J.: 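Let me give you the structure first, and then I'll get to my questions.
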Amino acid sequence: MSNSTDELFKNVISHAKEYGFVFQSSEIYDGLSAVYDYGQNGVELKNNIKTYWWKSMVQMHDNIVGIDSAIFMHPTIWKASGHVDGFSDPMIDNKVSKKRYRADQLLEDKIAAYDTEGKTDKAELLQTEMDTALKNEDLPRLRELIIAHEIADPNSKDKPDWTEVRQFNLMFSTQVGAIAGESETIYLRPETAQGIFVNYLNVQKSGRMKIPFGIAQIGKAFRNEVVARQFIIRMREFEQMEMQYFVRPGTQKDWFNKWKETRLKWHLALGTPEEKYRYHEHVKLAHYADAAFDIEFDFPFGFKEVEGIHSRTDFDLSQHEQFSRKKMQYFDPEVDPETGKPFGNYIPYVIETSIGLDRMFLLTMINAFEEEDLSTEERQDSRTVLRLHPCLAPVKAAIFPLTKKDGLPEKATEIMDKLKVNFNLQYEEKDAIGKRYRRQDAIGTPFCITVDHQSLEDNTVTIRHRDTMAQERVNADDLEKIIGDLVSWKNLLG
RNA sequence: GCGGAAAUAGCUCAGCUGGUAGAGCAUCAGUUUCCCAAACUGAAGGCCGCGGGUUCGAAUCCCGUUUUCCGCUCCA
């Protein structure tokens, strides 16, 4: 990471805090690691990103509908999805080499080594001891075994100094039921997708949906990351915008490619330079996928995943059919042109598009942030401006009386009252006009409307544009249409 | 989780080898100002991250702890 990009990232973080976008959670109690709060401007920007996504996915597709499933779900769902068994690993560190390993894998390797050496008795004994320890979640015993069998650090020749074995759990658990002892352990969802899968037939039947169709959802998910860092890139509590698209088996490849392209277009429509984005293909696929691409963004610290497009096959629905013993099949009455018969009953294949809202938020801030040098020969000058797309900007317009006397504030307030039904506005009368322009630049407000003495005479005002700093004089009665056109979703979705 | 660095006013930072806590910006009350920040007057704001120790005396030295940043590690 070069110094300048390092600086950029730091500046964006402090800007985000200073102007009410993102605060550290529980800051007055020294904070809570990897948890963040969105402030007064952050929540507006975040909501606007959600709206853009929801409109483009749900409103613009007549075969995609949304749901809002609960964060609490039946614990068996996470057994079916593979999260319970797949994400609770015993971890151990070597203090000498500073490397971290999975304790069970170190032991497995040792067992394999015993086998190749022909010491099958030793191998079998260790296998049994390890299985017992794992089953009983006896973490100290795992450490004992590692030390007793003098397991070396695979990446270091020095004698290892092992830490305690710690359990790494992906999921947060909590109790349902008011009475201790009679309660049941459930999990905070680690992904929103399962809420869609377990509801897919409810939606399909109540909405009379025909394949192919999609179900969209925006919601919080929770993951206990080993190391959560880099600001809001990796948070313990985060928000996803997911859409699961249910398709006829055999057609998944086409739909996968279609969504891959559609989703990148969604990103680029915001005006982000194309070279900032790239696809990353997963070579090693997760157990449920038959194809997977990430859309990555060029963050100051390198390309990182923002969105994943995964072909999840029929894995999840099949798992739920098995675990719930309820049919997850869809009856497809359409006639297969090849056989002349209906497609009939099948478990649909699923294409998933899943975007991290918090990462999208950060990406948007980084992309928009600019420290512009406005120096002339006479004097130095600069401004910090967030060049947010007008549709995403937290405040659409600010209204200023040029001075706070001579009836200008009254006139400005009157204009504001007419417009605030349709737009999120700010009114400011304090400080020099230039200072107020700069403050609005800093939070990305695309337009500033200034009321001056001429306004009192002919009802005209000036509109000052954030990006060019150019001004034009317009009639105050036309503002609703002018601003409405400039911030219209048509500009993004049309 | 390991190693390194940092933590002083809302923000950016001074504060030397221990001796009663400082500036600029921001904030608030005024003045000035007819279109692009940092003009004038005044006010307010800090248990120097938290806890302990050394000392007559600690923002300053030592230990612990929390948080953040960087590197490693981990990552569906």
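Every chain is numbered from 1 and lettered A, B, ... according to where its sequence line falls, protein lines coming before strand lines. This is a predicted model, so every value here is computed, not measured.
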J.: Taking any heavy-atom pair under 4.0 Å as a contact, classify A:R464: base, sugar-phosphate, or nothing.
T.: base

J.: B:U68, B:C36, B:U27: which one has an atom nearest the side-chain heavy atoms of A:D431?
T.: B:U27

J.: Out of B:C36, B:C69, B:C35, which has the shortest distance to the side chain of A:Y36?
T.: B:C69

J.: Checking side-chain contact (heavy atoms from CB on, under 4.5 Å) between A:Y437 and each of A:R383, A:M469, A:R464, which is the one that passes?
T.: A:R464

J.: Between A:I449 (CD1) and B:C36 (C1'), how many Å, whole number?
T.: 17 Å

J.: Please identify which of these residues, A:N41, A:I13, A:V12, meets the side-chain contact (heavy atoms from CB on, under 4.5 Å) condition with A:F21.
T.: A:N41

J.: Regarding A:D358 and A:Y38, is there a side-chain donor-to-acceptor distance under 3.5 Å anywhere?
T.: yes

J.: Measure the distance from NE2 on A:H83 to P on B:A76 and round it to the nearest whole Å.
T.: 11 Å

J.: Which nucleotide sits closest to the side chain of A:T450: B:C36, B:C35, B:U68?
T.: B:C35

J.: Choosing from B:A37, B:U33, B:C11, which nucleotide comes nearest the side chain of A:K405?
T.: B:U33

J.: When the C1' atoms of B:C16 and B:A43 are compared, how many Å lie between them, rounded to an integer?
T.: 33 Å

J.: Of all the choices, B:C35, B:C75, B:C36, which nucleotide is nearest to the side chain of A:R234 once you look at every atom?
T.: B:C75

J.: Once you apply a heavy-atom cut-off of 4.0 Å, does A:K304 come out as touching a base, just sugar-phosphate, or nothing?
T.: nothing

J.: Considering only the P atoms, how many Å lie between B:A14 and B:U66, rounded to the nearest integer?
T.: 27 Å

J.: Roughly how many Å is it from CD in A:E371 to C1' in B:A38, rounded to a whole number?
T.: 16 Å

J.: Over all strands shown, is A:T462 touching base, sugar-phosphate only, or nothing at heavy-atom distances under 4.0 angstrom?
T.: base

J.: Find the distance between CZ (A:R439) and OG1 (A:T445) and round it off to the nearest 0.5 Å.
T.: 11.5 Å

J.: Could you tell me how far apart A:Q24 (CD) and B:U66 (C1') are, to the nearest whole angstrom?
T.: 11 Å

J.: Any ion pair linking A:E191 and A:R312 (charged N to carboxylate O, less than 4.0 Å)?
T.: yes

J.: Atom NZ of A:K10 to atom P of B:U12: distance rounded to whole Å?
T.: 12 Å

J.: Between the base of B:C34 and the side chain of A:D452, is there a donor-acceptor distance below 3.5 Å?
T.: no

J.: Looking just at side-chain N and O atoms, do A:Q194 and A:H320 make a donor-acceptor pair shorter than 3.5 Å?
T.: yes

J.: Can you tell me which nucleotide in B:C35, B:U67, B:C70 comes closest to the side chain of A:L402?
T.: B:C35

J.: Does B:C36 have its OP1 or OP2 closer than 4.0 Å to a side-chain nitrogen or oxygen of A:Q471?
T.: no

J.: Would you tell me if any nitrogen or oxygen in the side chain of A:K435 comes within less than 4.0 Å of OP1 or OP2 on B:C36?
T.: no

J.: Give the nucleotide from the list B:C36, B:C70, B:C35 with an atom nearest to the side chain of A:R473.
T.: B:C35

J.: Scan A:T403 against the nucleic acid and name what it touches under 4.0 Å (heavy atoms): base, sugar-phosphate only, or nothing.
T.: nothing

J.: Measure from NZ on A:K430 to C1' on B:C28 and round the result to the nearest Å.
T.: 8 Å

J.: On the nucleotide B:U27, are OP1 or OP2 found under 4.0 Å from the side-chain N or O atoms that A:R439 carries?
T.: yes

J.: Find the distance A:I13:CD1 to B:U12:P and express it as a whole number of Å.
T.: 12 Å

J.: Among the nucleotides B:C11, B:C34, B:C28, which one has an atom lying closest to any side-chain atom of A:E18?
T.: B:C11

J.: Mind checking the P distance from B:A58 to B:G49? Whole angstroms is fine.
T.: 15 Å

J.: Without decimals, in angstroms, what is the distance between A:F9 CZ and B:C70 P?
T.: 7 Å

J.: Charged N to carboxylate O under 4.0 angstrom, A:K418 versus A:E480?
T.: no

J.: Could you give the distance separating B:A44 and B:G10 at their P atoms, to the nearest angstrom?
T.: 16 Å

